[in-house]
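Written out below as structure tokens is the structure these notes cover.
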Number of protein chains: 2
Amino acid sequence: MAIKKTDVATGQASMKQVADAAGVAVSTVSRALANPGRVNEKTRKRILEAAQTLGYTPNAAARSLRKGRTGAIMIVLPGQLFHGASQVIPLVLAGIDRFLAAHGYNILIANLDRDESSEAHIVNLASNGSVDGAIIISSGIPQTSQKSLTQTGLPIISALHDLSHHGIPSVITNESEVMGKMTELLAQQGHRQFFYVAGPQGMYHERVRLDGIRQGIAQADLPAGSLRKSQGLRPYQEGFQIGVDAADMFLDFAQRPTAVMCCSDDAALSFIAKLTTSGLRVPEDVCVVGFDGSAVGAFVNPSLTTIAQPAEAIGSKVAELLTRQLDGEHVPMVTQLDSAIVRRQSA
Amino acid sequence: MAIKKTDVATGQASMKQVADAAGVAVSTVSRALANPGRVNEKTRKRILEAAQTLGYTPNAAARSLRKGRTGAIMIVLPGQLFHGASQVIPLVLAGIDRFLAAHGYNILIANLDRDESSEAHIVNLASNGSVDGAIIISSGIPQTSQKSLTQTGLPIISALHDLSHHGIPSVITNESEVMGKMTELLAQQGHRQFFYVAGPQGMYHERVRLDGIRQGIAQADLPAGSLRKSQGLRPYQEGFQIGVDAADMFLDFAQRPTAVMCCSDDAALSFIAKLTTSGLRVPEDVCVVGFDGSAVGAFVNPSLTTIAQPAEAIGSKVAELLTRQLDGEHVPMVTQLDSAIVRRQSA
DNA sequence: TTGTAAGCGTTATCAT
DNA sequence: ATGATAACGCTTACAA
């Protein structure tokens, strides 16, 4: 007995097979699926049935080869997804995911910093048609010796970092302003000496937040020397260690500041832990403020005063802008959302 | 002046353009790139140069249409990436990412529970050739009315949940055993009444962990009635609220247990916070144990005794098994890694 | 060693 | 309303 083609049909059914089963041409099947109106009701029904019984699913590769679009968005992450207790990146991701899922896009995760070749890999993904657009949650722009991500022509939006000077529309928060407000608030409470537990030196967030603190200090008519800061030798990922190191420095001061502001909740929590171990009381002896608004801050002792970033909103905003850009719309270069002071026990 | 084809060359250069530039046929270009040995050294050089100057990148859609593989792996997540301070899922993801990146795979994130259509979407991704394999970090298997993810024929590995009875090779931990050990340890410290702060009723982790606790209680020659538990009405994502609710229940007991074991560190932290607010001291009055091994547990007051899951190792193991399966190897149905007790101040 | 050509599964254009 | 057919960009026999 001869083996018929249909016998060999292994995995997925193709459009051709549906067409054969329904007794029509492939083009008719394609139309029936895409433009239901432009095909006879009866044949359409027949085709749909055939597709159903064959378990037909349109092949993604063929479709994107033909249409030039994939329906996938690449998310460029700065490194570890994991950030201690500070859930900013995961929350931004959640916001992105919610929006993009609702709009039929898939999410491709691309991680910077994993090794030397990862930047090349990201630029490659952008160039080879794997994705329709990119969201970048990182201060650095991936690049090879050949070209950078921005030169691929791929639509890109930045989350959390202002990359508008690179021509990338960015969704950021008013972190500088809020840091200033926080500083003024502490000054009003009588604090005169401040300590900033710094994140990695020179990074975007560090510049704008320090700016904010300095403005707040000026606003409160205090001398610039009222502010001291830790060294900023570690990346945000090592938040707990940042706090521990800074506490060591803090404890060595002859004249200790009474108000401490930290670059992250992780840093604040470990800073407090170290101070407590050394016999200092928070907030009685020292006030400590975190940054990020981690949920866990409400359940520690003392509970953590912090600055909450609208992380999930940033995510969905960024996703919204990207889809609008993909639809040919013009999007603003800078979109600013509001961070907010959350007052609890630690300050 | 007539417009030559090369003038119109818009975005990406194609293999055809490289071939033209190098004065060879496309097949030669393809070979030069794939089987460098099977082409003349001089032409190969010429082709590489042409590719270089044109900024050529092989089109992903065309390649996967032709080869039937995409190089992408789908990760099916149970819902929110965000889990309070318990970073198990992000860490598993980090492990997966590290391994897959090193092996040239891309990661496609698919989120369950986002709405009714998401399961269909996942099954669809599995059927339409978008991905070569899937890793599922969820107790539920996505399915449509038509078919389930397991019926797509796509290679799948499960992380954290034992789905071997569904024919899915699974990487899990010895959580049952460790819970038993923890219980015995507490009994040795003199505790006679236990309380389990439960996660969502009936879920895999709940069953195996409760089993472990009961075994431990039996092992310590204590009556089964020594164990009480909270109701388990909320998903793991609401860990903090789980702890708060359970604390309310706990505080109402006439005879309060002295040893409390929680389904997550989030639950433990909020449980402790609530008890502390009510004037109870941990560990003097009540011992509390968490689960997950969150980094933040070392920096809270009291620091948290917990059970650390080898989350990142689980991730890379799962990824390794999947790639081996993709390479046609046979993989074990169950792989067990060790969780470990981390003793700190709270118990 | 290189070129020709078929084909992967779609979609879109053009006839019919 | 439907069918033939030509792309989309690549890989891989097979032929030269």
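In this text the structure is predicted, and so the values were computed from the model without any measurement. Note that these values count all heavy atoms, side chains included, but never hydrogens, waters or copies made by symmetry.
As a whole-Å value, the separation of B:M15 CE from D:dT11 C1' is 8 Å. Rounded to whole Å, the distance from CG on A:L33 to P on C:dT10 is 9 Å.
Proximity note for A:R66 (side chain, C-beta onward) versus D:dA4, D:dA7, D:dC10: the nearest is D:dA7. Between C:dT10, D:dC10, C:dT2, one nucleotide has an atom nearer to the side chain of B:N59 than all others, and that is D:dC10. The side chain of B:R31 lies closest to D:dC14 when the candidates are D:dC14, D:dC10, D:dG3.
Residue A:T43 is in sugar-phosphate contact alone, with no base atom involved, counting any heavy-atom pair closer than 4.0 Å across all strands shown. Nucleic acid contact class of A:S27 (heavy atoms, under 4.0 Å, all strands): base.
In terms of heavy-atom proximity, B:M15 sits nearest to B:S30 at CE-CA, 3.5 Å. Taking all atoms of both residues into account, the shortest heavy-atom contact from A:P58 to B:N128 is O-CB, 3.2 Å.
DNA chain D is contacted by both B:R38 and B:K67; B:K67 maps to the nucleotide lying nearer its 5′ end (nearest heavy atom per residue). Between A:R44 and A:V26, the residue whose closest nucleotide on DNA chain D is further toward the 5' end is A:R44.
Classification of A:E49 and A:R46 as a salt-bridged pair fails, no side-chain N sitting under 4.0 Å from a carboxylate O. Taking the charged nitrogens against the carboxylate oxygens, B:K45 and B:E41 have no contact shorter than 4.0 Å, which rules out a salt bridge.
An OP1 or OP2 oxygen of D:dT11 is reached within less than 4.0 angstrom by a side-chain nitrogen or oxygen of B:R63. Taking only side-chain nitrogens and oxygens, A:S30 comes nearer than 4.0 Å to OP1 or OP2 of C:dT11.
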